[in-house]
Amino acid sequence: MSDDTLRQVQFERTANSKYEVSNVRGGTLSVGSGQDTDFTPVELLLAAIGTCSAIDVDIVTSRRAEPTEFRAVVRGNKLRDPEEGNRLENLAVEFTITFPEGEAGDKAREALPRAVKMSHDRLCTVSRTVELGTPVTTTLFD
């Protein structure tokens with residue numbers, strides 16, 4: 001794969017079960033085990049699934065009209081399965097998006113269902129990766 005396809009983050013431990021994650025653009029966020037206000041890895045996965053689709057939908061619809069409301073709830077059930085391992089099931093993204101009255105708002109509302117479907121079926125790298133079940137390798141360096 002060429003370097004223009006590579007995406008990565010890195011993290012360092014800041015305390016027991018607490019990490020500072022950074023990206024190549026200098027952004028940072030704290031991740032933890034759920035003992036404080038930091039996002040957990042599972043919450044980040046849910047956020048990534050939802051915001052990935054939100055960006056796709058926002059780009060398409062906001063060309064027509066600026067939304068008056070744009071929010072979503074992303075949920076899933078965490079299972080502790082002794083045979084298949086821990087995982088999430090029943091993943092769902094539930095958007096609430098509204099547009100102003102008028103011709104521009106009508107055009108945005110008309111484009112909305114197709115934009116959501118395109119994001120789910122083709123555009124959102126995060127949910128497509130989860131649904132296709134891409135393998136993850138883990139390596140330990142000395």
Side-chain angles (χ1 to χ4, degrees), residues 1-100 103-142:
M1 298 262 163
S2 65
D3 285 342
D4 65 334
T5 66
L6 179 65
R7 304 295 185 268
Q8 75 177 34
V9 296
Q10 62 185 31
F11 65 87
E12 291 189 27
R13 181 182 187 267
T14 58
N16 188 345
S17 300
K18 191 169 176 80
Y19 309 90
E20 186 79 10
V21 181
S22 60
N23 63 28
V24 297
R25 295 174 309 285
T28 63
L29 59 90
S30 295
V31 178
S33 62
Q35 301 302 311
D36 56 18
T37 59
D38 292 338
F39 282 87
T40 67
V42 169
E43 291 166 338
L44 289 174
L45 177 62
L46 294 173
I49 290 168
T51 57
C52 182
S53 285
I55 290 167
D56 295 337
V57 171
D58 202 9
I59 288 170
V60 170
T61 59
S62 65
R63 288 180 189 148
R64 291 150 177 88
E66 192 64 24
T68 53
E69 180 180 25
F70 196 119
R71 59 187 172 87
V73 174
V74 186
R75 63 174 49 101
N77 298 103
K78 184 175 179 182
L79 302 179
R80 298 182 189 277
D81 185 331
E83 292 179 21
E84 293 188 37
N86 297 348
R87 66 184 182 282
L88 292 173
E89 284 193 345
N90 305 316
L91 293 170
V93 181
E94 300 167 346
F95 284 108
T96 301
I97 306 171
T98 59
F99 298 95
E103 185 178 339
D106 291 344
K107 288 180 181 181
R109 276 186 290 282
E110 182 181 323
L112 183 58
R114 185 170 185 267
V116 170
K117 182 171 176 28
M118 282 178 43
S119 178
H120 176 268
D121 293 349
R122 191 171 60 86
L123 298 175
C124 175
T125 303
V126 178
S127 62
R128 299 300 310 142
T129 301
V130 170
E131 286 193 333
L132 293 173
T134 302
V136 177
T137 59
T138 305
T139 306
L140 178 63
F141 291 103
D142 292 333

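Judged by distance alone, the side chains of Thr129 and Thr134 never bring a donor and an acceptor atom under 3.5 Å apart.
Phe70 CZ to Asp58 CG: the interatomic distance, rounded to the nearest 0.5 Å, is 4.5 Å. Distance CG/Leu112 to OG1/Thr61: 6.5 Å, rounded to 0.5 Å. To the nearest 0.5 Å, the span separating CZ on Arg80 from CG on Asn86 amounts to 5.5 Å. The structure places OG of Ser33 at 7.5 Å from CG of Asn16, a figure rounded to the nearest 0.5 Å.
In this structure, Asp106 and Arg109 approach most closely via the heavy-atom pair OD1-NH2, 2.5 Å. Taking each heavy atom of Arg64 and Lys107 in turn, the nearest pair found is CD-O, 3.5 Å. Contact record, Ala111 with Val60: CB-CG1, 4.4 Å, taken as the closest heavy-atom pair. In plain terms, the two heavy atoms of Pro113 and Glu110 that are nearest each other are CD-O, 3.5 Å. When all heavy atoms are compared, the tightest approach of Phe99 to Pro67 is CD2-CA, 3.6 Å. Here the shortest heavy-atom pairing between Asp56 and Cys124 reads OD2-N, 3.3 Å.
Partners of Tyr19 under the ring-ring contact (aromatic ring centres under 6.0 Å, His included) rule, at least two apart in sequence or in another chain, are Phe11. Every residue two or more places apart in sequence or in another chain that forms a salt bridge (Lys or Arg N to Asp or Glu O under 4.0 Å) with Glu69 is listed here: Arg71. Residues passing the salt bridge (Lys or Arg N to Asp or Glu O under 4.0 Å) test with Glu131, sequence neighbours excluded: Arg128.
Residue pairs meeting the side chain to side chain donor-acceptor pair (under 3.5 Å) criterion with at least one partner in residues 21-31, sequence neighbours excluded, are Glu20-Thr28, Glu20-Ser30. Under the salt bridge (charged side-chain N to carboxylate O under 4.0 Å, His left out) criterion, the residue pairs touching residues 28-41 are Lys18-Asp36, Lys18-Asp38, with sequence neighbours excluded.
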I'd like a table of donor-acceptor pairs (distance under 3.5 Å, sequence neighbours excluded) in which one partner is a side-chain atom from residues 40-53, with atom names and distances.
{"unit_1": "Thr40", "atom_1": "OG1", "unit_2": "Glu43", "atom_2": "N", "d": "3.1"}
{"unit_1": "Thr40", "atom_1": "OG1", "unit_2": "Glu43", "atom_2": "OE1", "d": "3.4"}
{"unit_1": "Glu43", "atom_1": "OE1", "unit_2": "Thr40", "atom_2": "N", "d": "2.8"}
{"unit_1": "Thr51", "atom_1": "OG1", "unit_2": "Ala47", "atom_2": "O", "d": "2.7"}
{"unit_1": "Ser53", "atom_1": "OG", "unit_2": "Ser119", "atom_2": "OG", "d": "3.0"}

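For Phe39, the CZ atom counts as loosely surrounded, since its 6.0 Å shell holds 12 or fewer non-hydrogen atoms of other residues, nucleotides or ligands. Around CZ of Arg87, the count of heavy atoms belonging to other residues, nucleotides or ligands within 6.0 Å exceeds 12.
Contact of the Leu88 side chain with the Leu79 side chain is not registered, since no non-hydrogen atoms from C-beta on lie closer than 4.5 Å. Using a 4.5 Å cut-off on side-chain heavy atoms (C-beta onward), Arg75 and Glu94 make contact.
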